[in-house]
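The structure appears below as structure tokens.
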Amino acid sequence: MTRRVAIDQPFRLDETLSVELDFRWRPLGGGWHSGVLDGRLIHVRQRDGGVEYRADSDADALLSSYFRLDDDVAAVWDELSRRDGTIGALVEEHGHIRVRRQPDRWECLVAYICSANKSVEGIRTSVEKIAGAFGERVELDGDVRRTFPSVESILEAGEERLATLGLGLDKHSRIIAAARRISAGELDLRYLSQPHIPYAEARIRLMGSQGIGPKIADCIALFCLDKLEAFPVDRWVRRAMEGRYRRGVGIPDETLAIWGRDRFGKYAGYANQLLFHAQRDAANRAR
């Protein structure tokens with residue numbers, strides 16, 4: 001059964017998903033995309049005035065949260081445009097993208113642990129390997145996927161089995177270490193996502209885990225902990241800052257992150273994603 005979520009804000013599904021910072025989406029054809037969100041297989045495509053989707057049951061609330069439809073994105077862009085003319089110019093072309101809120105915080109954390117020294121495609125491959133090895137089978141209209149395994153499932157599988165997936169470096173041990181912290185109550189992702197928990201505190205707590213440095217902590221904070229002031233600096237954001245602000249060459253990532261948070265304020269994460277998308281889009285067009 002096809003259902004629909006109405007959207008009365010600037011929104012383009014293809015452009016949003018092309019940012020590729022959620023690694024479980026893939027095209028199906030006919031404008032449809034297949035994604036696994038919070039253990040559910042969902043097909044989505046854009047239609048006038050909203051998004052159509054197919055799922056095993058009602059997923060309006062899940063998709064509304066995922067696409068952050070509770071954010072007044074027009075007000076976000078207005079504030080950022082007042083603060084920064086460069087961002088204002090980019091909003092005219094790319095203001096339809098969204099910062100997505102990942103519903104499975106554990107999956108988001110693992111994905112970014114896997115991101116070290118990997119391309120977007122490499123991260124996607126790693127996440128799918130983990131899901132394929134330990135997740136549960138889900139099917140929708142002949143499309144078969146795997147859910148992302150829980151903390152308990154990963155701990156039950158153990159470090160040796162995780163190591164056989166060839167995730168690179170010692171990422172299997174980093175994932176197990178994070179799972180143990182979560183299982184022991186030392187790292188509570190749901191708690192860190194609460195509005196009263198400051199970004200700085202969430203970041204420090206995340207960085208207490210092996211393999212989670214400042215950039216990975218910022219990605220997790222932005223995409224699943226509701227810390228919109230986070231400003232992750234990867235190669236695309238660095239290139240954008242070099243080209244548009246003449247900043248970046250020889251400057252440490254952490255210094256650039258601080259600069260971004262100071263310049264863009266409480267919506268720095270939205271500015272970050274606009275810069276990220278615009279830089280990748282320009283590179284793709286130049287090929």
Side-chain angles (χ1 to χ4, degrees), residues 17 20-26 28 33-44 55-57 59 61-63 65-66 100-193 205-206 208-212 216-217 219-225:
L17 296 184
E20 296 178 319
L21 290 176
D22 182 349
F23 309 103
R24 303 303 306 280
W25 290 102
R26 64 189 188 192
L28 284 176
H33 301 264
S34 166
V36 184
L37 291 180
D38 206 23
R40 300 180 63 185
L41 178 53
I42 298 179
H43 296 166
V44 298
D56 58 352
S57 60
L62 175 61
L63 289 173
S65 175
Y66 177 67
R100 284 164 283 167
R101 179 189 286 122
Q102 308 299 338
D104 186 336
R105 300 177 184 92
W106 161 243
E107 178 183 334
C108 184
L109 181 146
V110 172
Y112 283 105
I113 287 178
C114 289
S115 71
N117 298 319
K118 282 191 180 293
S119 65
V120 169
E121 188 56 42
I123 304 166
R124 181 181 294 111
T125 298
S126 294
V127 172
E128 290 294 342
K129 280 182 178 180
I130 296 170
F134 309 116
E136 297 181 358
R137 185 181 187 274
V138 285
E139 182 176 359
L140 180 65
D141 297 336
D143 178 30
V144 178
R145 303 288 300 274
R146 292 275 176 173
T147 64
F148 196 80
S150 65
V151 170
E152 294 74 22
S153 295
I154 289 293
L155 289 174
E156 182 179 350
E159 189 168 343
E160 290 186 7
R161 286 187 64 195
L162 198 59
T164 65
L165 301 182
L167 303 176
L169 301 175
D170 61 344
K171 292 172 185 174
H172 56 281
S173 64
R174 297 176 183 181
I175 293 169
I176 290 291
R180 286 173 177 156
R181 285 192 73 206
I182 291 172
S183 181
E186 297 172 7
L187 180 62
D188 187 336
L189 298 176
R190 182 180 296 276
Y191 170 76
L192 294 181
S193 72
R205 296 277 190 96
L206 289 167
S209 292
Q210 177 188 3
I212 298 182
I216 291 176
C219 288
I220 297 166
L222 177 59
F223 298 120
C224 74
L225 299 185

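Because only heavy atoms are used, hydrogens play no part in the values below, and waters and symmetry mates are left out as well, while side chains stay in.
- We find the SG-CD distance between Cys219 and Gln102 to be 11.0 Å, quoted to the nearest 0.5 Å.
- Judged by distance alone, the side chain of Ser126 and the main-chain N or O of Gly122 form a donor-acceptor pair under 3.5 Å.
- Between the side chain of Asp188 and the backbone N or O of Tyr191, at least one donor-acceptor pair lies under 3.5 Å.
- The environment of CD in Glu136 is sparse: at most 12 heavy-atom neighbours from other residues, nucleotides or ligands sit within 6.0 Å.
- Ion pairing between Arg145 and Glu128 holds under the 4.0 Å rule for side-chain N and carboxylate O.
- Taking CD1 of Ile123 as the start and OG of Ser115 as the end, the distance is 5.0 Å to the nearest 0.5 Å.
- Between Tyr112 and Phe223, the angle of the ring planes stays under 30°, which puts this pair in the parallel group of the 30/60° scheme.
- A distance of 4.5 Å separates CG in Leu28 from NE2 in His43, rounded to the nearest 0.5 Å.
- Annotation for Glu186: atom CD counts as buried by contact number, over 12 foreign heavy atoms lying within 6.0 Å.
- To the nearest 0.5 Å, atoms CD1 (Ile113) and CD1 (Ile220) are separated by 6.5 Å.
- Between Asp104 and Thr147 there is no side-chain heavy-atom pair separated by less than 4.5 Å.
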Does the pair Phe148 and Phe23 meet the rule for a ring-ring contact (aromatic ring centres under 6.0 Å, His included), with working shown?
CA-CA 11 Å; Phe148 196 80; Phe23 309 103; over 10 Å; no

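- For the pair Leu41/Ser34, a side-chain contact is recorded, criterion being any heavy-atom separation below 4.5 Å from C-beta on.
- If you take OG1 on Thr164 and NZ on Lys129, they are separated by 9.5 Å, rounding to the nearest 0.5 Å.
- The number of heavy-atom neighbours closer than 6.0 Å to CD of Glu139, taken from other residues, nucleotides and ligands shown, is above 12.
- The closest side-chain heavy-atom distance from Ile176 to Ile154 is below 4.5 Å.
- Around atom CG of Asn117, no more than 12 heavy atoms belonging to other residues, nucleotides or ligands sit under 6.0 Å away.
- Remark: side-chain polar atoms of Arg40 are paired, donor with acceptor, to backbone N or O of Ser57 under 3.5 angstrom.
- To the nearest 0.5 Å, atom OH of residue Tyr66 and atom CZ of residue Arg100 are 4.0 Å apart.
- Ile175 is not listed as a side-chain neighbour of Leu109, based on a closest heavy-atom distance of 4.5 Å or more.
- Inter-residue side-chain proximity for Leu192 and Leu187 is flagged as met; some heavy-atom pair is nearer than 4.5 Å.
- Looking at Val110 and Lys171, their side chains never come closer than 4.5 Å, going by heavy atoms from C-beta outward.
- Closest approach of Trp106 to Pro149, counting heavy atoms only: NE1-O, 3.0 Å.
- Listed here is the closest heavy atom pair of Gly39 and Val138: O-CG1, 4.1 Å.
- The shortest distance between side-chain heavy atoms of Arg146 and Arg137 falls below 4.5 Å.
- When all heavy atoms of Leu62 and Pro103 are compared, the pair lying nearest together is CD1-CB, 3.9 Å.
- Here the side chain of Ser183 pairs no donor or acceptor atom with the backbone of Ala179 at under 3.5 angstrom.
- Between the side chain of Arg174 and the main chain of Gln210, no donor-acceptor pair closer than 3.5 Å is present.
- With hydrogens and angles disregarded, no donor-acceptor distance shorter than 3.5 Å links the side chain of Ser209 to the backbone of Ile212.
- Arg105 has no carboxylate O lying under 4.0 Å from a charged side-chain N of Asp38, or vice versa, which leaves the two without a salt bridge.
- Contact check for Ile42 versus Val36: no side-chain heavy atoms found under the 4.5 Å cut-off.
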